[in-house]
Every structure is written in structure tokens, then in C-alpha cells.
Amino acid sequence: MKIATFNINGIKARIGALTDWLDEAQPDVVLCQEIKSVDEAFPREAFEDRGYNVETHGQKGFNGVAILSKLPLEDVTRGLPGDDSDEQARWIEATVVGETHAVRLCGLYLPNGNPVEFDADGTPLRDGKYGYKLDWMDRLEARARALLAEEMPAMMAGDYNVIPQPEDAAKPQSWEKDALYLPQTRAAFRRILNLGFTEAFRAREQAPGHYSFWDYQASAWNRNNGIRIDHLLLTPQAADLMTECRIDKEVRGRDKPSDHVPVWVTLAA
DNA sequence: ATGGCAAGTGTGACTTGA
């Protein structure tokens with residue numbers, strides 16, 4: 001079972017690039033972020049024609065997540081638990097049943113968190129957009145604990161907007177005051193990992209220089225000035241099934257690319 | 001150190017992203 005995460009940066013602008021990649025990579029499931037579309041406007045037919053079931057959790061203009069799956073999607077839920085006042089569309093879950101195992105899939109688009117405000121000491125304030133990011137990560141940790149307690153193959157995958165380590169950025173020093181790389185951000189990410197999740201890509205590859213995002217600006221792609229912020233976190237039961245994990249880097253060099261590329265795992269499920 | 005781009009909304013010039 002091949003499962004991918006892909007921040008597509010707008011479904012309308014990415015139909016061609018996304019369907020081209022689907023036809024060639026043949027994933028069973030794609031967790032999509034930043035669909036930037038309401039549910040009614042999502043171009044389902046392009047994917048249903050290729051045999052994918054489509055579940056969306058969209059909003060107008062920004063954010064929005066979706067799941068495309070060749071397997072039936074069961075028990076679909078929308079929204080990250082823990083704050084009924086949060087109206088941003090950043091979380092969707094569903095279960096797929098493979099030949100040997102059922103797998104719970106959580107697709108997420110974690111808040112960016114910039115700009116960060118600092119006090120006079122240079123300490124980031126837990127306020128505004130950065131406060132929302134850290135609060136969202138606390139809710140993610142709570143959902144992660146509940147998921148682990150189920151003791152089933154499950155994953156939380158998506159655009160985490162977290163650079164975990166210096167080796168995950170071409171120029172780590174340029175991110176030091178950024179919400180994606182502040183110590184508080186990285187600590188919150190580690191707290192979740194340390195509950196017992198396997199970060200799929202790092203479990204298979206320890207070398208630096210592997211990225212999943214290159215900014216559209218300042219020739220970031222041509223200079224390979226990238227960061228690795230799209231992650232798949234696997235429960236122990238899912239990690240036991242993992243056979244492969246890769247980043248489809250070359251997708252970034254095509255026509256009308258997203259600024260992110262797909263990252264995928266295969267599970268013996 | 002700075003500025004650089006793309007997408008959505010909606011048709012001009014913003015907001016947001018990372």
C-alpha cells in the first residue's frame with residue numbers, strides 16, 4: 001500500500017501536475033494539503049475518473065485538506081479535536097483496509113506560525129499566529145496519544161511546517177528566528193515523536209540534503225535552497241509494516257509545480 | 001542584508017504562505 005503526502009498549493013492550479021504525478025507514481029492514497037478550495041468546488045471528477053475516492057475538508061481561499069484513495073475511505077472525520085472555535089480546515093482522518101491490515105490515516109496541515117513576536121530578551125511570545133501554531137501542536141499531541149492507545153497501524157502525515165533538525169535545511173542559520181525552526185517548535189515536534197512514533201523518512205535515510213519544499217522566490221529550487229517540512233509519523237504497528245519511504249524531488253522541476261513535492265511510504269498492509 | 005514568487009479573490013491590490 002503506497003501512501004503519499006503532498007501539499008499541492010491550490011487544487012485548481014495543480015490539476016495537471018497532480019494528475020500527471022498520480023498516473024506515473026500510482027499511489028493508493030494521497031493526503032493533500034492546501035487545496036485552497038471549498039468542498040463544492042473541488043474537481044472530484046479528475047480523480048474519480050482515475051479510480052480514486054475523494055474526501056475533502058475545505059474552506060474558502062486558504063488551507064484545506066483532502067484524501068484521494070483507490071481503497072474505500074471509512075469512518076471519515078474532519079477537524080482536529082480540542083478546540084471547537086477553530087474554523088481553519090487543517091485535519092482529516094479516514095480508515096483504509098488493505099489485504100492484511102486496516103490503517104488509520106490522518107492528513108494534516110500544521111499552521112505556519114509566522115510572523116513570530118519576541119519579547120525584549122528575544123524569547124518568542126506564545127501569541128498571535130505563533131501561539132496558534134503551538135496550541136495546535138498541543139492538540140496534535142493529544143490526538144497522537146489517543147492514536148497510539150488504539151495500538152493499530154496508523155499515521156499522521158502532512159505539511160508539519162516544522163524543520164526538525166539542522167540537516168533538514170540547506171541554510172539552517174537563516175531559519176533561526178522563524179516559526180518553522182524555533183527551539184519551541186522543534187521541541188513540540190519531538191514531544192510527539194518521542195511518544196513512540198517513527199518519522200518515516202529519517203528511519204530510512206540519515207543523510208543531510210533531503211528536502212520537500214523549495215520557495216518560489218530567489219531561485220530557491222535552482223540553488224537547492226530547500227527545507228524538509230513534510231513528514232509521515234507512523235505508530236509502531238505501522239512502522240513494522242513500512243518497506244520504503246521516498247521524496248519525489250524531481251516533481252519540483254516540472255511545469256507549474258507546487259512549492260512542495262510528494263513524500264511517500266509503502267506499507268506491507 | 002535584501003528581495004525575490006505564486007495562488008486566491010475577483011478584475012485592482014490586497015492577503016497568505018514559508
Side-chain angles (χ1 to χ4, degrees), chain A residues 5-19 21 32-43 46 56-66 86-91 107-118 124 127-134 136-137 140 157-186 188-189 209-231 247 249 251-263:
Chain A
T5 176
F6 191 0
N7 180 323
I8 56 176
N9 189 19
I11 186 59
K12 290 190 201 73
R14 215 64 62 212
I15 292 178
L18 178 55
T19 53
W21 175 75
C32 296
Q33 301 89 40
E34 282 204 270
I35 64 173
K36 296 186 175 179
S37 166
V38 292
D39 296 332
E40 310 78 69
F42 193 92
T56 61
H57 180 39
Q59 68 179 91
K60 188 174 180 177
F62 304 101
N63 305 325
V65 288
D86 184 359
E87 297 187 347
Q88 298 193 31
R90 296 178 174 278
W91 180 269
L108 68 101
Y109 176 43
L110 204 149
N112 174 304
N114 285 305
V116 182
E117 296 174 66
F118 296 89
D127 213 347
K129 293 195 170 183
Y130 192 53
Y132 175 64
K133 178 173 193 156
L134 294 179
W136 205 94
M137 293 182 85
L140 178 60
D159 177 358
Y160 276 75
N161 272 314
V162 174
I163 304 167
Q165 300 285 0
E167 55 266 37
D168 298 312
K171 298 183 181 180
Q173 71 287 353
S174 69
W175 297 92
E176 280 172 2
K177 300 290 184 189
D178 193 283
L180 278 63
Y181 190 61
L182 280 169
Q184 290 82 353
T185 304
R186 297 167 55 197
F189 183 73
H210 293 280
Y211 311 125
S212 65
F213 169 90
W214 295 260
D215 203 298
Y216 290 122
Q217 303 180 62
S219 303
W221 168 247
N222 290 325
R223 297 176 185 183
N224 195 27
N225 181 14
I227 51 178
R228 196 175 67 89
I229 57 175
D230 298 274
H231 309 300
I247 299 175
K249 176 181 181 177
V251 171
R252 185 63 178 83
R254 298 180 182 177
D255 285 342
K256 272 187 79 71
S258 172
D259 40 7
H260 296 250
V261 296
V263 185

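So you know, we letter chains A, B, ... as the sequences are listed, proteins then strands, and number each from 1.
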May I ask you to evaluate whether [X] reaches the phosphate of [N], defined as a side-chain N or O under 4.0 Å from OP1 or OP2?
X	N	result
A/K256	B/dA6	no
A/K36	B/dG17	no
A/Y109	B/dA18	yes
A/H260	B/dA18	yes

| message | Checking A/A41 now: which residues fulfil side chain to side chain contact (heavy atoms under 4.5 Å, CB included) with it, not counting sequence neighbours? | response | A/S37, A/V38
| said: Closest-nucleotide mapping onto DNA chain B: is A/I227 or A/A218 further toward the 5' terminus? I mean the 5' end. | reply: A/A218
| field | Qualifying salt bridge (Lys or Arg N to Asp or Glu O under 4.0 Å) pairs, either residue in residues 171-185 of chain A, two or more places apart | value | none
Within this structure, what is the [atom1]-to-[atom2] distance between [X] and [N], rounded to whole angstrom?
X	N	atom1	atom2	answer
A/E34	B/dT16	CD	P	13 Å
A/W214	B/dG4	CH2	C1'	19 Å
A/D259	B/dG8	CG	P	12 Å
A/N225	B/dG3	CG	C1'	13 Å
A/D215	B/dC5	CG	P	10 Å
A/L110	B/dG17	CG	C1'	14 Å
A/L182	B/dA18	CG	P	15 Å
A/N63	B/dG8	CG	C1'	12 Å

Rounding to an integer number of angstrom, what distance separates [N] and [M] when you compare their [atom1] atoms?
N	M	atom1	answer
B/dA7	B/dG3	P	23 Å
B/dG4	B/dG17	C1'	14 Å
B/dG10	B/dC5	P	25 Å
B/dA18	B/dA6	C1'	12 Å

| query | Where the side chain of A/K129 meets the backbone of A/V116, is there a donor-acceptor pair that is under 3.5 Å apart? | reply | no
| message | Base, sugar-phosphate or nothing for A/D159? Non-hydrogen atoms, less than 4.0 Å. | response | sugar-phosphate
| message | Using a 4.0 Å heavy-atom cut-off, does A/N161 contact any base of the nucleic acid, only the sugar-phosphate backbone, or nothing at all? | response | sugar-phosphate
Quick one: ring pair (Phe, Tyr, Trp, His ring centres under 6.0 Å) partners of [X], sequence neighbours excluded?
X	value
A/H260	A/F213
A/W175	none
A/Y160	A/F189, A/H231

Side chain of [X] (C-beta onward), nearest among [options]:
X	options	value
A/N112	B/dA18, B/dG4, B/dC5	B/dA18
A/K60	B/dG3, B/dA18, B/dG10	B/dG10
A/Q217	B/dA18, B/dG4, B/dT15	B/dG4
A/Y216	B/dA18, B/dG17, B/dT16	B/dG17

| task | Mark yes or no: A/R90 above the aromatic ring of A/Y109, with NZ or CZ under 6.0 Å from the six-membered ring centre and no more than 45 degrees from the axis. | result | yes
| query | For the residue pair A/T185 and A/K133, what are the closest heavy atoms and their distance? | reply | CG2-CE, 3.8 Å
| request: May I ask you to list the residues of residues 7-15 of chain A, by number, that have any heavy atom positioned under 4.0 Å from an atom of DNA chain B? | output: A/N7, A/N9, A/G10, A/K12, A/A13, A/R14
